[in-house]
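Here's the structure, in structure tokens; my notes come after.
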Amino acid sequence: MALNLDAVGKKIGPIRRDYTWKDVVLYSLGVGAGFDELEYCYEGSLKVIPSFSIASVFDFLAQVGISSDADLSGILHGEQDIIFHNPIPTEGTITTEGAITHMYDKGQGKGALVVAEAETFHSNGKKLFTNIFTIFCRKDGGFGGEPGPSESVEIPDRAPDFEEHASPAPDQPLIYRLSGDIFALHVDPDFARASGFEKPIMHGLCTHGYACRAVIKHLFPGEPERMSRFRVRFSKVLYPGVPITTQIWKVEEGKAFFRTVNDQTRDVIIDRGIVEWISRAELEARSKPKGIRFDGRVAIVTGAGAGLGKAYALELAKRGAKVVVNDLGGSRDGRGGSTMAADAVVEEIKKAGGEAVADYNSVATPEGGEGIVQTAIKAFGRCDILINNAGILRDKTLAKMEPETWNAVMDVHLKGAYNVTRPAFEKMREGRYGRIIFTTSAAGLYGNFGQANYSAAKMGLIGFMNTVKLEGERHNIKVNTVAPIAGTRLTEDILPPEIFSKLKPEFVAPMVLFLASEQCPVTGRIYNAGMGYFNRIAIVTGDGAVLGDGGEITTPEAVAAAMGKIKSLDGAKEFGSATEAFGPMLEAFNPKEQAKAEGATQDLSVKRIFERIPDAFQADKAAGVSVVFQFEISGPTGGSWNVTVKDGTCNVAEGKHQSPTTTIKMKDEDFVKLIKGELKAMAAYTGGKLKIEGDLMKSQLVEKLFKF
Ligand code: NAI
């Protein structure tokens, strides 16, 4: 079968992978790191060897092989070039997406090169690295294509500036393969013999990891995050157990050439190596926040052909988002349709150097909603942000409002938001990230004559948000609502002309973009935005009055008498869910429970933590446990407390215990952070913020026995 030239440019991915510190350490062990480079092997102070980047995208590489239709019996990993954009975190989810970019022809019998490029983003939103893979297809040359470029590496005519010897263990591939490259050639003796080798061979990428460690050690020791490029050509096979040497020539500040040789045969096994690195100052500059950006994010904006939606789409694209510009292109009351509105905005984005695709579906049907999300997936492979903005008006007083008028407005605003949000939410869940914005209106929040349909739909969105925010919480999906005020065709006959011209839609965009960003800390909130004035709207609940004891039914007269207290919003509270809101009613008849609940919402202090320890105690986890913890908390709010756990019970006392099993010493502020889960016990311990005396092992029971 010949190479599939049509595969060039076709998207591969997104391919997602979750990884933890254990994957990072496993990779480090696989490429020979050990006690000498504990920073690669110990979670207490872990750093990621940059070549981990290729181990993390094997699936992408496999897809390249398959979609190129190359003769798999003749393919070899030829070259690997990696550009690093940001340090690789020690855990998270990475998403890789790319395409085959070129197929080069070396000539009949000389093979072909398939080049693919992939970009990888971390769940923290940062672009981590770009991998450029060159696969040598020995049996696929002679299809009449270009021979392709070649980057020369002129090794200086002098002895290497540095040499690093290493002795991969005879069993090295058995560890390395656990990082994902489980090809039988590196483990199965029969397979290796059938492929023409005397036994299983080292993974080229395993030796690549050795070379990567070697250059870091000699050029920027202990600072792998400074690597900005690592490029190699794989030139010869190596057997496990054979010692190797990486030879390094520094050619300028920030750049060196290298190669790795087989110490027994002097064969060069990794050739034409180029490593580049950045200064500490540049690294620091890179890690400084660059404001709110959306690079790598895909945003859908409904009704983005005009007015507010257009302003959001343009600004999102300017800040790096790939945007789906949805618009039906109809009239103000939702009738008709045209592709022109969406097309014009897409063109404007592209002219300014951004990425966007038009979508003409109506939000008013479930199929339309599905179609909009599919446009995002087909064009960009994901969906991170959804701004439900499309809107129409059909104003009439209630007396004149026929069902058709009522329904048309419901269909676009309320059902429309459901139609698009449902499939988008699904994609966000898969990506473990999402930002959803609903658009409400002052008409719904406060009322507006002649807009009963619109007001009801707009307020319905608040109810929708209140529940979706709860369902999105554990998937890192935040859902908020904006109530804009802007001069658009929807408001041209509502707002006085002098105000209309001042209320530019661009004034609303900053709030919407903030709510759409990774930096957005809130969910379930409503904000007014217009002309540079922003404020929050909330549904709050008053303290109310308790009439009776919960058994006897009260009278209308008693309600009338207590109306002053019932209607008062003094001390009103906001609740995060219906369950939370029921709490005060139930607790009103149970003072003891009420005190506890208030305590739960209070800001934690050290004293309060020890008061709450009996509630936080997990009796089911304490079977057979007998321990006395002595807490010595320093700082202005500190003190001494001891906690005895025995026979499934827990006892807290102020002061010092005579013979504690384990003494835990911390500063008050660190202790509060630890209990709130903002500081990890292990990090606190390794960072010197948590000191333990006595039985160290028993200290680990604290996290298990108490849940706040
Ligand atoms: P606009 O009329 O300029 O933009 C709305 C866009 O939605 C139009 O381009 C329209 O073609 C599109 N659209 C309508 N029905 C659609 C459907 N079924 N499917 C896809 N696209 C559709 O109006 P504006 O002011 O920009 O409105 C945006 C949103 O802001 C609306 O939800 C509106 O209710 C809301 N809003 C606006 C206020 C303002 O002061 N302009 C005040 C409060 C809320």
Side-chain angles (χ1 to χ4, degrees), residues 300-314 324-346 358-373 375 386-395 407-420 437-448 451 453-462 464 481-496 499-509 511-512 526-531 533 537:
I300 295 174
V301 186
T302 68
L308 287 157
K310 176 178 171 183
Y312 307 154
L314 292 177
V324 176
V325 176
N326 157 264
D327 206 295
L328 175 74
S331 59
R332 185 184 189 237
D333 65 3
R335 293 190 172 93
S338 148
T339 57
M340 275 160 59
D343 284 347
V345 175
V346 168
D359 177 278
Y360 319 111
N361 281 292
S362 168
V363 300
T365 64
E367 302 75 48
E370 242 344 303
I372 296 168
V373 175
T375 299
L386 167 62
I387 303 178
N388 285 296
N389 165 81
I392 60 166
L393 280 183
R394 293 204 187 173
D395 295 356
N407 290 337
V409 166
M410 287 292 161
D411 284 349
V412 174
H413 290 277
L414 186 54
K415 289 196 203 163
Y418 155 78
N419 291 333
V420 193
I437 290 135
F438 292 117
T439 309
T440 187
S441 161
L445 294 165
Y446 313 113
N448 204 25
Q451 290 195 316
N453 50 357
Y454 182 71
S455 304
K458 287 303 198 190
M459 209 51 191
L461 289 167
I462 303 296
F464 188 18
T481 298
V482 68
I485 175 83
T488 68
R489 80 178 172 175
L490 282 196
T491 47
E492 61 196 350
D493 57 358
I494 299 173
L495 295 167
I499 298 187
F500 180 87
S501 60
K502 283 188 187 162
L503 283 170
K504 294 192 174 42
E506 288 75 13
F507 279 118
V508 180
M511 170 58 81
V512 171
I526 316 163
Y527 296 97
N528 278 313
M531 229 173 115
Y533 183 54
I537 305 124

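What you are looking at is a predicted structure, and each value in this text was computed from that prediction instead of being measured. For ligands, and for the atoms within them, numbers begin at 1 and follow the listed sequence.
Contact check for Arg394 versus Val412: no side-chain heavy atoms found under the 4.5 Å cut-off.
Within the structure, ligand 1 lacks Asp411 among the residues with a heavy atom less than 4.0 angstrom away.
Comparing Ala390, Ala457, Gly305 by heavy-atom distance to atom 13 (N) of ligand 1, the nearest is Ala390. For atom 23 (O) of ligand 1, the nearest non-hydrogen atom from the set Val508, Leu445, Leu490, Thr440 comes from Leu490.
Contacts between Asn361 and ligand 1 below 4.0 angstrom, taking non-hydrogen atoms only, involve the backbone exclusively. Residue contacts with ligand 1 for Leu495 are absent, since no atom lies close enough (heavy atoms, distance under 4.0 Å). Residue-level proximity to ligand 1 for Thr488 is carried by the side chain, the only part with a heavy atom below 4.0 angstrom.
Taking the six-membered ring where the residue is Trp, Tyr454 and His413 present perpendicular rings, their angle passing 60° and hence far from 30°.
The number of heavy atoms from other shown groups lying within 6.0 Å of NZ (Lys310) does not exceed 12. Around the CZ atom of Phe500, the shell of radius 6.0 Å holds more than 12 heavy atoms that belong to other residues, nucleotides or ligands.
For a threshold of 3.5 Å applied to N or O pairs, the pair formed by Ile485 and ligand 1 contains no separation below that value.
Nearest heavy-atom pair across Thr440 and Met459 is OG1-N, 4.4 Å.
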Walk me through it: do Val301 and Val325 pass the test side-chain contact (heavy atoms from CB on, under 4.5 Å)? CA-CA 6 Å; Val301 186; Val325 176; over 6 Å; no
